[in-house]
Visitor: 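A single structure is presented below for examination.
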Amino acid sequence: MNHVIVIGAGQAGSSCVAKLRNGGFEGAITLIGSEPALPYQRPPLSKAYLLGDMPLERMFLRPDSFYADHNITVRTGETVSAIDTDAQTVTVGNDTLDYTDLVLTTGSAPRRLPASIGGDLEGGFTVRDLADVDKMAPWCQSGKTALIVGGGYIGLEAAAVCCKLGLNVLLVEMADRILQRVAAAETSDYFRALHTSHGVDVREGAGLTRLTGEGTVSGAELTDGTTLDVDLVIVGVGIAPETDLAEAAGISLDNGIATDAQGRTSAPHVWAAGDCASFPYKGDRIRLESVPNAIDQAECVAENIMGAAKDYVARPWFWSDQFDVKLQIAGLNTGYDRVVTRDGGGAKSFWYYAGDTLLAVDAANDPRAYMIGKRLIEAGKSADPSVVADPEGDLKALLK
């Protein structure tokens with residue numbers, strides 16, 4: 001009997017097994033995850049869940065009954081130690097499981113501070129999984145001082161939540177500006193102003209030299225010579241694809257687990273999707289770290305396992321919630337040479353162009369601009385910059 005094994009019980013893994021069964025796959029399906037919980041949403045972890053606004057039960061992507069009703073075996077709290085691509089087996093604990101197709105949805109892991117600069121001190125946290133946030137929550141007490149290391153979206157979201165919980169928040173970013181790797185200066189300026197208006201001390205061009213403390217973090221030294229007293233540290237300096245298992249099995253890597261347009265890896269009958277996988281995109285190779293990509297790519301892989309022979313066509317979009325602002329991003333801004341700002345008062349959007357070509361839109365509390373920008377980008381159309389820049393300009397007319 002056919003047996004699909006999916007390693008990694010996150011958004012991509014859960015989406016893949018659901019698509020297989022709902023698409024008519026009649027063989028055995030096994031989903032293996034190292035965390036003890038059923039697959040859950042990650043984005044609310046550092047926001048609604050940490051704030052106490054969302055209980056764990058509401059975080060589950062699907063209830064336990066879904067997997068039972070659809071005859072999907074879920075092995076939580078277990079780690080695959082080896083893949084044998086010749087024998088088509090995986091080793092889980094003392095068990096060796098045969099597969100006809102294997103899907104790697106191993107996700108990514110946060111980059112951590114090295115122990116040599118205090119990265120192993122108590123009170124230092126990353127924000128990636130349920131265990132991280134459960135461990136962090138008791139430290140996030142009103143009146144305490146939190147140091148956020150990294151001015152990307154994870155760091156900014158953590159800063160916003162700590163502020164809401166009543167902590168004093170200092171954020172340091174080694175680059176010249178926050179969001180420098182992922183956004184234009186206009187977007188950086190917008191979010192810097194947002195955070196400082198809520199009392200976050202944002203320091204750019206200042207990195208972390210070391211954390212200090214006897215067993216527990218109590219201070220920090222910055223590259224500009226500043227020393228600080230802190231009660232906890234949240235590190236948001238990026239993530240890296242989880243590729244160790246694939247690499248040990250001899251599967252090719254290229255900015256993650258390399259796949260072809262349909263999700264196949266270099267090993268026969270082995271596929272990959274989600275944060276861990278890179279794929280062809282407009283003559284290049286990219287890896288997308290987003291929930292929409294995890295879902296869409298994993299579902300495409302499931303269809304291809306069932307014989308669809310379908311290329312994955314990415315339609316990149318992302319979001320970030322900070323204070324009372326919802327940022328929605330459509331497209332990829334790589335290669336932009338100018339940014340057009342549309343200022344609608346409470347709503348603001350930043351439109352990225354390469355020459356006359358619209359590449360991406362960052363829309364802050366502006367869902368209309370986001371949706372129109374997304375439709376234009378996906379249709380391969382551009383947008384007249386003069387219409388975009390005019391707050392009274394009719395964006396909808398751009399779709400005609």
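Keep in mind that the numbers below use all heavy atoms, side chains included, and drop hydrogens, waters and symmetry copies.
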Visitor: When you measure from the side chain of Arg111 to the backbone of Ile239, do you find a donor-acceptor pair of N or O atoms at a distance under 3.5 Å?
Guide: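 Indeed, once roles are kept as given, a pair shorter than 3.5 Å links the two residues.
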Visitor: Is there a side-chain hydrogen bond (donor to acceptor under 3.5 Å, both in side chains) between Ser278 and Arg285? Walk through the geometry before answering.
Guide: CA-CA 6 Å; Ser278 67; Arg285 173 169 292 276; 3.1 Å; yes
Visitor: Would Trp271 and Asp101 satisfy side-chain hydrogen bond (donor to acceptor under 3.5 Å, both in side chains), going step by step from the backbone distance to the final call?
Guide: CA-CA 8 Å; Trp271 312 72; Asp101 285 281; 3.0 Å; yes
Visitor: Checking Tyr99 now: which residues fulfil ring pair (Phe, Tyr, Trp, His ring centres under 6.0 Å) with it, not counting sequence neighbours?
Guide: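 In terms of ring pair (Phe, Tyr, Trp, His ring centres under 6.0 Å), with neighbours along the sequence ignored, Tyr99 is linked to no residue.
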Visitor: With a 6.0 Å cut-off (strictly less than), is the heavy-atom count around CD of Glu378, excluding the residue itself, greater than 12?
Guide: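 Yes, enclosed.
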Visitor: Output yes when a side-chain donor or acceptor of Arg375 lies under 3.5 Å from a complementary backbone atom of Ala379, and no otherwise.
Guide: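 Answer holds: no.
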Visitor: So how far is it from Tyr312 OH to Tyr281 OH, rounded to the nearest 0.5 Å?
Guide: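 Interatomic distance, Tyr312 OH to Tyr281 OH, rounded to 0.5 Å: 9.5 Å.
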Visitor: Taking all non-hydrogen atoms of both residues into account, name the closest pair between Ala273 and Val301 and its distance.
Guide: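 So the minimum-distance heavy-atom pair works out to CB-CG2, 4.2 Å.
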Visitor: Atom CD in Gln180, atom CE in Met174: separation rounded to 0.5 Å?
Guide: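 Gln180 CD to Met174 CE: 12.0 Å, rounded to 0.5 Å.
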Visitor: When you measure from the side chain of Ser266 to the backbone N and O of Ser252, does any donor-acceptor pair fall under 3.5 Å?
Guide: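 Present.
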Visitor: In the structure I gave you, are the side-chain heavy atoms of Leu31 and Ile7 within less than 4.5 Å of one another anywhere?
Guide: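 Side-chain contact under 4.5 Å: no.
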Visitor: Which value, rounded to the nearest 0.5 Å, describes the distance between Ile377 atom CD1 and Leu332 atom CG?
Guide: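 It is 9.0 Å, given to the nearest 0.5 Å.
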Visitor: Looking at Arg203 and Glu173, is any side-chain nitrogen of the basic one under 4.0 Å from a carboxylate oxygen of the acidic one?
Guide: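 So Glu173 does not pair with Arg203 through a salt bridge.
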Visitor: His195 vs Phe191 aromatic rings, parallel, tilted or perpendicular, using cut-offs 30° and 60°?
Guide: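 Plane angle between 30° and 60°, so tilted.
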Visitor: I'd like to check the side-chain hydrogen bond (donor to acceptor under 3.5 Å, both in side chains) partners of Ser108; sequence neighbours left out, ordered by chain and number.
Guide: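 Counting only residues at least two positions away or on another chain, Ser108 forms a side-chain hydrogen bond (donor to acceptor under 3.5 Å, both in side chains) with Arg128, Asp275.
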Visitor: Between the side chains of Thr30 and His3, does any donor sit under 3.5 Å from an acceptor?
Guide: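 Yes.
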Visitor: Taking transitive links into account, so neighbours of neighbours count too, which hydrophobic residues share a cluster with Val313 at under 4.5 Å side-chain distance?
Guide: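 The other cluster members (ILVMFWY side chains, heavy atoms under 4.5 Å, direct or chained): none.
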Visitor: I want to check something: taking the side chain as every heavy atom from C-beta on, are Glu221 and Leu228 in contact at a cut-off of under 4.5 Å?
Guide: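 No, side chains not in contact.
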Visitor: Are the side chains of Val103 and Ile5 in touch, meaning some heavy atoms are under 4.5 Å apart?
Guide: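 Contact flag for Val103/Ile5 side chains = no.
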Visitor: From Ile251 CD1 over to Leu245 CG, what is the distance, rounded to the nearest 0.5 angstrom?
Guide: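 Here the interatomic distance stands at 7.5 Å.
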Visitor: Arg338 and Asp356: which non-hydrogen atoms are nearest, and at how many Å?
Guide: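 Shortest heavy-atom separation between Arg338 and Asp356 comes out as NH2-OD1, 4.0 Å.
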Visitor: Show your working on side-chain hydrogen bond (donor to acceptor under 3.5 Å, both in side chains) between Tyr370 and Asn365 and close with a plain yes or no.
Guide: CA-CA 9 Å; Tyr370 163 73; Asn365 283 349; over 6 Å; no
Visitor: Above 12 or not: heavy atoms from other molecules or residues under 6.0 Å from CG of Asp394?
Guide: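 Atom CG in Asp394 is packed in, count exceeds 12.
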Visitor: Taking NZ, NE, NH1 and NH2 as the nitrogens, is one of them in Glu204 or Arg192 under 4.0 Å from a carboxylate oxygen of the other?
Guide: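 Yes, this pair counts.
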Visitor: Within this structure, what is the CG-CG distance for the pair Leu376 and Leu359, rounded to the nearest 0.5 Å?
Guide: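 Rounded to the nearest 0.5 Å, the CG-CG separation comes out at 12.5 Å.
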Visitor: Taking all non-hydrogen atoms of both residues into account, name the closest pair between Gly33 and Ala9 and its distance.
Guide: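 Closest pair (atom of Gly33, atom of Ala9, distance): CA-CB, 3.6 Å.
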Visitor: Spell out, as yes or no, whether a donor-acceptor pair under 3.5 Å connects the side chain of Ser14 to the backbone of Gly10.
Guide: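 Absent.
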Visitor: Taking C-beta and beyond as the side chain, do Asp134 and Tyr49 meet within less than 4.5 Å on heavy atoms?
Guide: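 Counting from C-beta outward, Asp134 and Tyr49 do come under 4.5 Å.
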Visitor: Can you name the nearest heavy-atom pair linking Val388 to Leu395, along with the distance?
Guide: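 What the structure gives for the nearest pair is CA-CD2, 4.2 Å.
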Visitor: Kindly give the heavy-atom pair with the smallest separation between Leu358 and Lys381, and that separation in Å.
Guide: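 Here Leu358 and Lys381 meet closest at CB-O, 4.2 Å.
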Visitor: Where do Tyr336 and Tyr353 land on the ring pair (Phe, Tyr, Trp, His ring centres under 6.0 Å) test, with the steps shown first?
Guide: CA-CA 5 Å; Tyr336 74 92; Tyr353 290 83; over 10 Å; no
Visitor: Are any of the side-chain heavy atoms of Ile295 and Gln11 separated by less than 4.5 Å?
Guide: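 Answer yes - side chains close enough.
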Visitor: Run the salt-bridge test on Arg75 and Asp95 with the 4.0 Å N-O cut-off and return the result as yes or no.
Guide: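 Yes, Arg75 and Asp95 are salt-bridged.
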Visitor: Please name all residues satisfying side-chain hydrogen bond (donor to acceptor under 3.5 Å, both in side chains) with Lys326, sequence neighbours left out, ordered by chain then number.
Guide: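 Residues passing side-chain hydrogen bond (donor to acceptor under 3.5 Å, both in side chains) with Lys326: Asp321.
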Visitor: Among side-chain atoms of Thr259 and Arg264, is any donor-acceptor pair under 3.5 angstrom?
Guide: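 No.
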Visitor: Are Thr187 and Asp362 close enough that a side-chain donor and a side-chain acceptor fall under 3.5 Å?
Guide: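 Result is yes, a qualifying pair exists.
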Visitor: List in chain and number order the residues that pass ring pair (Phe, Tyr, Trp, His ring centres under 6.0 Å) with Phe318, two or more places apart in sequence or in another chain; answer none if no residue qualifies.
Guide: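 Not a single residue meets the ring pair (Phe, Tyr, Trp, His ring centres under 6.0 Å) criterion with Phe318.
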Visitor: Checking Ser349 against Tyr190: is there a side-chain donor and acceptor pair closer than 3.5 Å?
Guide: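 Side-chain D/A pair, Tyr190 to Ser349: absent.
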Visitor: Do any N or O atoms from the side chain of Arg287 and from the backbone of Gly274 form a donor-acceptor pair under 3.5 angstrom?
Guide: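 Side chain of Arg287 to backbone of Gly274: no pair is present.
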Visitor: Just wondering, do Leu102 and Leu104 contact through their side chains at under 4.5 Å, heavy atoms?
Guide: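 Yes, their side chains come closer than 4.5 Å.
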Visitor: State whether the side chain of Asn2 and the backbone N or O of Thr100 hold a donor-acceptor pair below 3.5 Å, judged by distance alone.
Guide: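 Absent.
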Visitor: Just by modelled atom types, is the Glu242 backbone N or O under 3.5 Å from a matching donor or acceptor in the Thr106 side chain?
Guide: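 Confirmed, Thr106 side chain pairs with Glu242 backbone.
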Visitor: Going by side-chain contact (heavy atoms from CB on, under 4.5 Å), Cys140 matches just one of Val161, Leu51, Leu165. Which one?
Guide: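 Of the listed residues Val161, Leu51, Leu165, the side-chain contact (heavy atoms from CB on, under 4.5 Å) partner of Cys140 is Leu165.
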Visitor: Does either side chain, that of Asp343 or that of Thr341, offer a donor lying less than 3.5 Å from an acceptor on the other one?
Guide: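 Absent: no donor and acceptor within the cut-off.
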Visitor: With a 3.5 Å cut-off and no angle check, do the side chains of Ser188 and Arg177 form a donor-acceptor pair?
Guide: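 A pair is found: one side chain offers a donor N or O, the other an acceptor, under 3.5 Å apart.
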Visitor: For Glu35 and Tyr40, test the side chains for any donor-to-acceptor distance below 3.5 angstrom and give the result as yes or no.
Guide: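 Yes, side-chain donor-acceptor contact under 3.5 Å.
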Visitor: Does the side chain of Ile32 reach to within under 4.5 Å of the side chain of Leu97, using non-hydrogen atoms?
Guide: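 Yes. Closest side-chain heavy atoms under 4.5 Å.
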Visitor: Under the side-chain hydrogen bond (donor to acceptor under 3.5 Å, both in side chains) rule, what do Glu157 and Ser320 come out as? Steps first, then yes or no, please.
Guide: CA-CA 7 Å; Glu157 289 172 0; Ser320 176; 2.7 Å; yes
Visitor: Taking only residues two or more places apart in sequence, or in another chain, which ones meet Phe125 in a ring pair (Phe, Tyr, Trp, His ring centres under 6.0 Å)?
Guide: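 For Phe125 the ring pair (Phe, Tyr, Trp, His ring centres under 6.0 Å) partners, ignoring immediate neighbours, are Trp139.
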Visitor: Looking at every heavy atom in both Asp132 and Asp129, which two are closest together, and how far apart are they?
Guide: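 Taking Asp132 first and Asp129 second, the nearest heavy atoms are N-OD1, 2.9 Å.
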Visitor: Counting N and O atoms only, with roles assigned by atom type, does the side chain of Asn293 sit under 3.5 Å from a partner on the main chain of Pro316, one being a donor and the other an acceptor?
Guide: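 No; judged by distance alone, with no hydrogens or angles, the pair does not exist.
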Visitor: Could you walk me through whether Leu194 and Val325 pass side-chain contact (heavy atoms from CB on, under 4.5 Å), step by step?
Guide: CA-CA 9 Å; Leu194 174 69; Val325 172; 3.9 Å; yes
Visitor: Heavy-atom distance under 4.5 Å between the side chains of Thr145 and Leu167, does that happen here?
Guide: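 They are not in contact (no side-chain heavy atoms under 4.5 Å apart), so the answer is no.
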Visitor: Do Gln262 side-chain atoms and Cys300 backbone N/O form a donor-acceptor pair below 3.5 Å?
Guide: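 Side chain of Gln262 to backbone of Cys300, a donor-acceptor pair under 3.5 Å: no, none is there.
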Visitor: Check whether any side-chain N or O of Arg210 sits under 3.5 Å from a backbone N or O of Gly118 as a donor-acceptor pair, and report yes or no.
Guide: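 Checked: no pair found.
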